[in-house]
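Within every chain, numbering begins at 1; the chains are lettered A, B, ... in the order of the sequence lines, protein sequences first and strands thereafter.
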Number of protein chains: 2
Amino acid sequence: MEIHYKEKTYFSGKDLALSAIGGRWKIAVIWCLLHDSPLRLSEIQKKLPQANQRMLIRQLRELEEDQIITRFVYPVVPPKVEYQLSDIGLRLEPVVTSICNWGDEFSDFVKKEATKIPVE
Amino acid sequence: MEIHYKEKTYFSGKDLALSAIGGRWKIAVIWCLLHDSPLRLSEIQKKLPQANQRMLIRQLRELEEDQIITRFVYPVVPPKVEYQLSDIGLRLEPVVTSICNWGDEFSDFVKKEATKIPVE
DNA sequence: CGGGATCCACCATGATACTG
DNA sequence: CAGTATCATGGTGGATCCCG
C-alpha cells in the first residue's frame, strides 16, 4: 500500500495528497483555475493579490511537475503563458468546494465569537 | 465581506479556512480525531510517526486557539491530556474525506505514470 | 513517565529589484 | 509579461532538557 513518488515514500493517498496540494497558495491557485481557465500569470496575480509573484511561480511549477496543471507557452513576444487544470487537477473540485463551504461556516463562527463579551 | 481575525484580514471564507487548517500536520491531526476520539498526544504520535512531537504540539495548540479542537487536562500524575474535535472541527469531515478520495485517485494516477516507459 | 519547553539548523515563504 | 536573483523572515524539523 506504500506509494513511492519523487524519491519519497507515502503511506496513504491522504499523505500524497497533502504533499501535492499542501503548498501555501496551491489551493488558491486551483480555486482560480476552477472558476476561470485558462489563465495567464498576470491574471492569477490579479485574483490573488496577497501572494507575491515569486511564490506564485514556484507553486505553479510544483503543480505542473505533479501534472495537476498544464502550462502552455506561446512562442510570441512579449511572452504569453497560459495555465489550466489537468484532468486529475479538475478532480480537486470537491476538495476546494468543501474547503470554501467550511470556511464560510468558520467565518460565521468567528464573527459570533467576536461579538461575545470577553471575560476579563 | 471582510473577515477580521487574530489581527489579520481575510477576504473570503476560503482564505480564512486555509489559514486555520493550512499547517503542516493539521489535516492529518483532524483526520486522526475524526476516526478516533478523544486521543492523547502519545496516541496521535503513534498514528503520525512521521511528525515530531514538537510540531504536533504546536499544531494542536493552534487548532485549539482556533477552537477547532478542545484540550482537556486531567489533574493526575502522570499527566493525561485528551484532544478532541469541537463542533466546528467535526464539520471538517467533508474536507478531510474529499482530500482522502482525491489522494487515492492521485495515487492511482501516479502509479500509472510510473509504469510508462520514460522518454530518454 | 508523559506532556511540554528550549536551543539550533534548515527550508519554505515573502519583498524588492532586475532581466529577456 | 513572464520569470529570475538577492536578501530578510517565519515555519518546520532534530535533539535535548524540564516539570509534575
Here the pair of heavy atoms bringing A/Arg24 nearest to A/Gln59 is N-OE1, 3.2 Å
Separation of C/dG4 atom P from B/Leu60 atom CG, nearest Å, is 8 Å
Residues A/Phe11 and A/Asp15: closest non-hydrogen pair is N-OD2, 3.7 Å
Rounded to whole Å, the CD1-P distance (B/Ile57 to D/dG14) equals 14 Å
Taking five pairs at each terminus, the helix from C/dC1-D/dG20 to C/dG20-D/dC1 shows an axis bend, to 10°, of 30°
Minimal heavy-atom distance between B/Tyr10 and B/Tyr5, with the atoms involved, is CE1-O, 3.8 Å
Within residues 8-24 of chain A, those residues having any heavy atom closer than 4.0 Å to DNA chain C are A/Gly23, A/Arg24
Determine whether a donor-acceptor pair (N or O, by modelled atom type, separation under 3.5 Å) exists between the side chain of B/Trp102 and the backbone of A/Ile88.
yes
Distance col, row B/Leu92:CG vs A/Asn101:CG, nearest 0.5 angstrom, shows 11.5 Å
Any salt bridge linking A/Asp66 with A/Lys6? Criterion: basic side-chain nitrogen under 4.0 Å from a carboxylate oxygen. yes
Side-chain contact check for A/Tyr83: nearest option of D/dC1, D/dG3, D/dT12 is D/dG3
From the candidates C/dG4, D/dC1, C/dG14, the one with an atom nearest any side-chain atom of A/Pro78 is D/dC1
A/Val95 vs A/Ile99 side-chain heavy atoms within contact, under 4.5 Å | yes
query = Would you find a donor on one side and an acceptor on the other, under 3.5 Å apart, between the side chain of A/Ser107 and the backbone of A/Gly103?
reply = no
Here the pair of heavy atoms bringing B/Pro94 nearest to A/Ser98 is O-OG, 3.9 Å
In whole angstroms, the gap separating P of C/dG2 from CZ of B/Phe72 amounts to 20 Å
When rounded to whole Å, the CD1 to P distance for the pair B/Ile27 and D/dT12 reads 13 Å
In whole angstroms, the gap separating C1' of D/dA2 from CZ of A/Arg71 amounts to 8 Å
- Query: OP1 or OP2 of C/dG14 sitting under 4.0 Å from any side-chain N/O of A/Trp25?
  - Reply: yes
Residues of residues 31-52 of chain B with a heavy atom under 4.0 Å from any atom of DNA chain C, listed by number, are B/Arg40, B/Leu41, B/Ser42
On DNA chain C, more 5' by nearest nucleotide between B/Arg61 and A/Glu62 is B/Arg61
In whole angstroms, the gap separating P of C/dT13 from CG of A/Leu56 amounts to 12 Å
Please tabulate, for the side chains in residues 67-78 of chain A, all donor-acceptor contacts under 3.5 angstrom to protein atoms that are two or more places apart in sequence or on a different chain.
from    : atom 1 : to       : atom 2 : distance (Å)
A/Gln67 : NE2    : B/Glu113 : OE1    : 3.3
A/Thr70 : OG1    : A/Gln84  : O      : 3.3
A/Tyr74 : OH     : A/Glu82  : OE1    : 3.0

Output for pair (B/Glu64 CD, B/Ser86 OG), nearest 0.5 Å, gives 10.5 Å
Within the 4.0 Å heavy-atom criterion, would you say B/Val81 contacts the bases, only the backbone, or no part of the nucleic acid? sugar-phosphate
Measure all distances between protein nitrogen or oxygen atoms and nitrogen or oxygen atoms of nucleotides 6-10 of chain C, and list the pairs falling under 3.5 Å.
none

Rounded to whole Å, the CZ-C1' distance (B/Arg58 to D/dG11) equals 7 Å
Please list, one pair per line, the donor and acceptor atoms closer than 3.5 Å that link side chains of residues 25-46 of chain A to other protein atoms, with sequence neighbours excluded.
from    : atom 1 : to      : atom 2 : distance (Å)
A/Lys26 : NZ     : A/Ala20 : O      : 3.3
A/Lys26 : NZ     : A/Glu62 : OE1    : 2.8
A/Trp31 : NE1    : A/His35 : NE2    : 3.1
A/Arg40 : NH2    : A/Pro79 : O      : 3.4
A/Glu43 : OE1    : A/Arg40 : N      : 2.6

Rounding to 0.5 Å, atoms CG (A/Leu48) and CD (A/Gln53) come to a distance of 12.5 Å
A/Met55 atom CE is separated from D/dG3 atom P, nearest whole Å, by 15 Å
d(A/Tyr83 OH, A/Leu56 CG) to nearest 0.5 Å is 8.5 Å
Out of C/dG20, D/dT12, C/dG3, minimum distance to the side chain of B/Gln59 belongs to D/dT12
